[in-house]
Amino acid sequence: MGKEIGITVKKSEDFSEWYTQLVVKAELADYAPVKGLIVLRPDGYSIWESIKSSLDEKLSHTGHRNGFLPVLIPESLLGKEKDHFTGFNPEVFWVTRSGDGELGDKLALRPTSETLAYTMYAKWIRSWRDLPLKINFWNSALRAEIKATKPFLRTSEFLWQEGHTAHAERDEAEKEVIDILEIYKKTVENELAIPVITGKKSEKEKFVGAVYTLTMESLMPDGKALQMGTTHFLGQNFSKPFEVKYADKNNVENFVWQTSWGVSWRLIGGMIMVHGDDKGLVLPPRVAPIQVVIIPIYRSNEEKNMVLEKSREIKQELDNRKIRAHLDDRDQVTPGFKFNDWEMKGVPIRIELGPKDLEHDKVVFVRRHNQLKQEYPINIVVEIIIKELEKIHNDMFSDAQKILDERTVTLETYDDFKSELDKGMLIKAPICDNPSCEEKIKEETGADIRVIPDGCDDDDSKCIYCGDQSKIRPLFARGY
RNA sequence: GGGAUUGUGGUCUAGCUUGGUAUGAUUCUGCGUUUGGGUCGCAGAGGUCGAGUGUUCGAAUCACUCCAAUCCCA
């Protein structure tokens, strides 16, 4: 009976199917009529808006401003930086017609906006006084994903922000990619309660066209790593072909030093996977569209009036304290239905209020993340809620941190590497500086270097693959 | 990139082998009943059977092409 309304598979048994069901049944997103595209529904969009406003606030403190770029990029521009073009070309959507006519220069639906942004930057930057130029763009990007699409993780169009900065000094640009990565880390930890590991990408995995890429990675419950955000030090790789130049104080022309960086709605996918359970979503309180749901319980009309009146009072008080509260006064479904419904949607706190509670001036208080059920006096419930929302966030984060720590192993042999990998572990293992070792490992196991954390130099060990003297001890995993 | 599976009212589904005008549940609307972990009754609404082409007197059913989705492996 009614089982098919909820999630029909267990997270531990069929992770992939579980994930897809959560996204659709909790009404975060739904499939669009075109392959690889999804529609973001209000609850999903609300979470994205929370992430956006948190990031916007931090970026405004660091002097970044928002702008907007068009979605079409002429082929001639996209091709100006060769590696960049070669890297992206296989997944670019092209516009070749307008109405009945063929277009002369075909147009790309932006897979990323470096080429377009820097064409504009070349016009806007003349003097050292114009630097640094730090603009962030909230938009969508399109990359043709033919196979293995998955909502939020791999779709042909995705929401993201891309920051593009230009600096007079190399050092300043290199500091920028570190600072932004720290802002990303704070956002993911403080809003989504997901612990991340930061560091560098390997040569093989860096952004095409960058000098190097910094990344933050998180481990998902199925043992795959999810790249949660990246910042790229572009050096002068783009400023030269795009002629982004400025006159310094001595009136000498120089190419600018550039960075670009982005996070996408993948963060939402990560949040679903890390925190969700067999009953549905579990939303971190700070991004939950509804933080508290009030379920009134009654039999007679008289009880209904009393319970609803008190419920509205509590709701009003929560509104006044800027807590996102919802009173579920639907009459056509029972409380039991509502419990299941809101649990599937991941609302962090549920308050039950019925005649028995009114009699004793109490409410029943249930936390979504650990199912803990308690009673509290009505007159202090708002204070409790405010405290608990904080605590729930911290609990969710430390639970996730604990799991990440437990599932990180350090080891020395390739056999161990393979067996631990199959257990879904994140592996710290030594490797030499021959790029073919990483290639081979990827070919044979599906895992690659996810992140090279600061201070992981290690020239005392043997490369896990070839046995030569190691150089570093980075983190390996299979990736999304 | 390779493989497997699937598509029938909003949702889940029977029917397909053996071609004859689509079954049940749920949802939705109305009325009543009920409400502390997925209430119940009565009445009503809702389907170009993913799309196209072919075979046929006749196609959800057979054949081919396309579209979309899911899972597994690289």
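Excluded from the calculations below are hydrogen atoms, water molecules and symmetry mates; all remaining heavy atoms, backbone and side chain alike, are included. Letters go in sequence order (proteins before strands), and every chain restarts at 1.
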| request: Tell me what Lys338(A) touches on the nucleic acid: a base, only sugar-phosphate, or nothing, going by heavy atoms under 4.0 Å. | output: nothing
| field | Thr20(A) side chain near C71(B) phosphate (N/O to OP1/OP2, under 4.0 Å) | value | yes
| Thr334(A) side-chain N/O to U34(B) phosphate OP1/OP2 under 4.0 Å | no
| request: Could you measure between the two C1' atoms, the one in U26(B) and the one in A63(B), and give it in whole Å? | output: 35 Å
| Quick one: is Lys35(A) getting a side-chain N or O under 4.0 Å of the A69(B) phosphate, OP1 or OP2? | yes
| task | Please name the residue in the list Tyr19(A), Trp160(A), Trp265(A), Tyr480(A) that meets the ring-ring contact (aromatic ring centres under 6.0 Å, His included) test with Phe152(A). | result | Trp265(A)
| request: Please work out whether the ring planes of Trp94(A) and Phe85(A) are parallel, tilted or perpendicular, with thresholds of 30° and 60°. | output: tilted
| Closest to the Thr149(A) side chain: U70(B), U35(B), C71(B)? | U70(B)
| request: Take atom C1' in C31(B) and the same atom in G50(B), then report the distance between them in whole Å. | output: 38 Å
| request: May I ask you to evaluate whether Lys150(A) reaches the phosphate of C71(B), defined as a side-chain N or O under 4.0 Å from OP1 or OP2? | output: yes
| query | Heavy atoms under 4.0 Å, any strand shown: does Glu352(A) hit a base, just sugar-phosphate, or nothing? | reply | base
| message | Should the side chain of Arg350(A) and the base of G37(B) be counted as holding a donor-acceptor pair, with the cut-off at 3.5 Å? | response | yes
| task | Answer yes or no: is there a side-chain heavy-atom contact under 4.5 Å between Cys466(A) and Cys432(A)? | result | yes
| query | Is Glu303(A) touching bases, backbone alone, or none of the nucleic acid, heavy atoms closer than 4.0 Å? | reply | nothing
| Option among Thr187(A), Val263(A), Ile197(A) that satisfies the side chain to side chain contact (heavy atoms under 4.5 Å, CB included) test with Met216(A) | Val263(A)
| task | Determine: side-chain N/O of Ser16(A) to OP1/OP2 of C72(B), distance under 4.0 Å, yes or no. | result | yes
| said: Using atom P in both nucleotides, what's the gap between U35(B) and A69(B) to the nearest angstrom? | reply: 45 Å
| task | Looking at every strand, decide which applies to Gly446(A) at a 4.0 Å heavy-atom threshold: base, sugar-phosphate, or nothing. | result | nothing
